[in-house]
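If you're wondering where the values come from, they're calculated on a predicted model, not measured in any experiment.
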Amino acid sequence: MAIRPIRLFGDPVLRTPAEPVVDFDRELRVLVRDLTETMVEAPGSGLAAPQLGVSLRVFTYNVEGALGHLVNPTLDLSDETQDGDEGCLSIPDLRFPCTRALRVVAKGFNEYGDPVVVEGSEMLARCVQHETDHLDGILFVDRLDREQRKAALRAIRQAEWAGQTVRVKQSPHPTFGGAR
């Protein structure tokens, strides 16, 4: 298990719909642990496998004390919406107002293939929607209104990391080792 580099805006893997997980094996469990460690180290509220360059439908989340993961998610969204600033580990240091469903019921599986249901509102709902979007090749900037999207793309072009495809930092935690 290791902290892995996070793919940045512009990397084609972020725009490619991920494949469903069919093998609930040791390799998947290692991926879930790597996703979790990388997300916690970043730190972030969620991280999807494509952000590590792995085109599989799995993500992790860490919201308000709820730490978990979901494989092959399907979502039922409320009609009621929420507005709030949103950011992304693949678009570092930038946040923009994004509208999302207020509540979500996400159905999928855990790393062993057991059925799981994740229900949440507000921040957890936002996170689950954001990470599921990653699995569909959608970035949160795609969901912004026209003016905010223009501002976001301008800020991305001007960002210090613009033109890079991965963000690699040395972990300050020797027990984790590796780069992120």
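- Under the side-chain hydrogen bond (donor to acceptor under 3.5 Å, both in side chains) test applied with R57, the options T132, N72, D136 reduce to a single match, D136.
- Annotation: the span from E37 atom CD to I3 atom CD1 amounts to 6.0 Å, rounded to 0.5 Å.
- In this structure, R29 does not pair ionically with D34, as no charged nitrogen and carboxylate oxygen lie closer than 4.0 Å.
- Here the CZ atom belonging to R33 is positioned 13.0 Å from the OG1 atom belonging to T38, to the nearest 0.5 angstrom.
- We find the CD-CG distance between E64 and L124 to be 7.5 Å, quoted to the nearest 0.5 Å.
- In this structure, P73 and L135 have side chains that are in contact, with non-hydrogen atoms separated by less than 4.5 Å.
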_Does E122 form a side chain to side chain contact (heavy atoms under 4.5 Å, CB included) with L102? I'd like the steps, not just the answer._
CA-CA 5 Å; E122 299 177 7; L102 179 62; 3.8 Å; yes
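- At a threshold of 4.5 Å between side-chain heavy atoms, the hydrophobic network of Ile, Leu, Val, Met, Phe, Trp and Tyr places M123 and V104 in one connected group.
- Within the 4.5 Å cutoff, the side chain of L47 has no heavy atoms near those of the F59 side chain.
- Cluster annotation: L35 and L67 are assigned to the same hydrophobic cluster (Ile/Leu/Val/Met/Phe/Trp/Tyr, side-chain heavy-atom contacts under 4.5 Å, transitive).
- Side chains of S45 and N62: no donor on one and acceptor on the other come within 3.5 Å.
- Using a 4.5 Å cut-off on side-chain heavy atoms (C-beta onward), V117 and V105 make contact.
- If you take CG on L94 and CG on D85, they are separated by 11.5 Å, rounding to the nearest 0.5 Å.
- Taking all atoms of both residues into account, the shortest heavy-atom contact from L89 to P43 is CD2-O, 3.8 Å.
- The neighbour count for D114 CG, taken as heavy atoms of other residues, nucleotides or ligands under 6.0 Å away, is above 12.
- When each of Q82, Q129, E86 is paired with R100, the side-chain hydrogen bond (donor to acceptor under 3.5 Å, both in side chains) condition holds for E86 and for no other.
- Minimum heavy-atom separation, T60 to E131: O-CG, 4.2 Å.
- Put simply, the side chain of P97 reaches to within 4.5 Å of the side chain of Q148, judged on heavy atoms.
- The minimum heavy-atom distance between R157 and A162, with the atom names listed, is O-CB, 3.5 Å.
- Crowding of E27 atom CD: a count of heavy atoms from other residues, nucleotides or ligands under 6.0 Å not exceeding 12.
- Put simply, the side chain of L28 does not reach to within 4.5 Å of the side chain of D23, judged on heavy atoms.
- Side chains of E111 and H69: no donor on one and acceptor on the other come within 3.5 Å.
- With hydrophobic clusters built from ILVMFWY side chains whose heavy atoms lie under 4.5 angstrom apart, F140 shares a cluster with L8.
- Looking only at atom types and distance, the side chain of S55 has no donor-acceptor partner in the side chain of E19 under 3.5 Å away.
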*Stepwise, does the side chain to side chain contact (heavy atoms under 4.5 Å, CB included) test hold for I6 with S90?*
CA-CA 7 Å; I6 296 173; S90 292; 3.9 Å; yes
*Does the pair R143 and D133 meet the rule for a side chain to side chain contact (heavy atoms under 4.5 Å, CB included), with working shown?*
CA-CA 10 Å; R143 299 219 180 259; D133 273 354; 2.6 Å; yes
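- In the hydrophobic cluster analysis, where Ile, Leu, Val, Met, Phe, Trp and Tyr join through side-chain heavy atoms closer than 4.5 angstrom, L70 is grouped apart from F109.
- W161 and V13 fall within a single hydrophobic cluster, where Ile, Leu, Val, Met, Phe, Trp and Tyr side chains are chained together by heavy-atom contacts under 4.5 Å.
- At a threshold of 4.5 Å between non-hydrogen side-chain atoms, the residues F9 and I91 count as touching.
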*Please step through side chain to side chain contact (heavy atoms under 4.5 Å, CB included) for the pair R149 and R146, ending with a clear verdict.*
CA-CA 5 Å; R149 181 173 162 79; R146 184 176 179 185; 5.8 Å; no
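- Side-chain contact between K107 and D76 is present, with at least one heavy-atom pair separated by less than 4.5 Å.
- Considering every non-hydrogen atom in both A155 and F96, the closest pair reads CB-CZ, 4.0 Å.
- Using a distance-only test at 3.5 Å, with no hydrogens or angles considered, a donor-acceptor pair links the side chain of N110 to the main chain of G113.
- Residues A18 and P50 come closest through the heavy atom pair CB-CG, 4.1 Å.
- Q51 has its side chain within reach of C88: a pair of non-hydrogen atoms, C-beta onward, lies under 4.5 Å apart.
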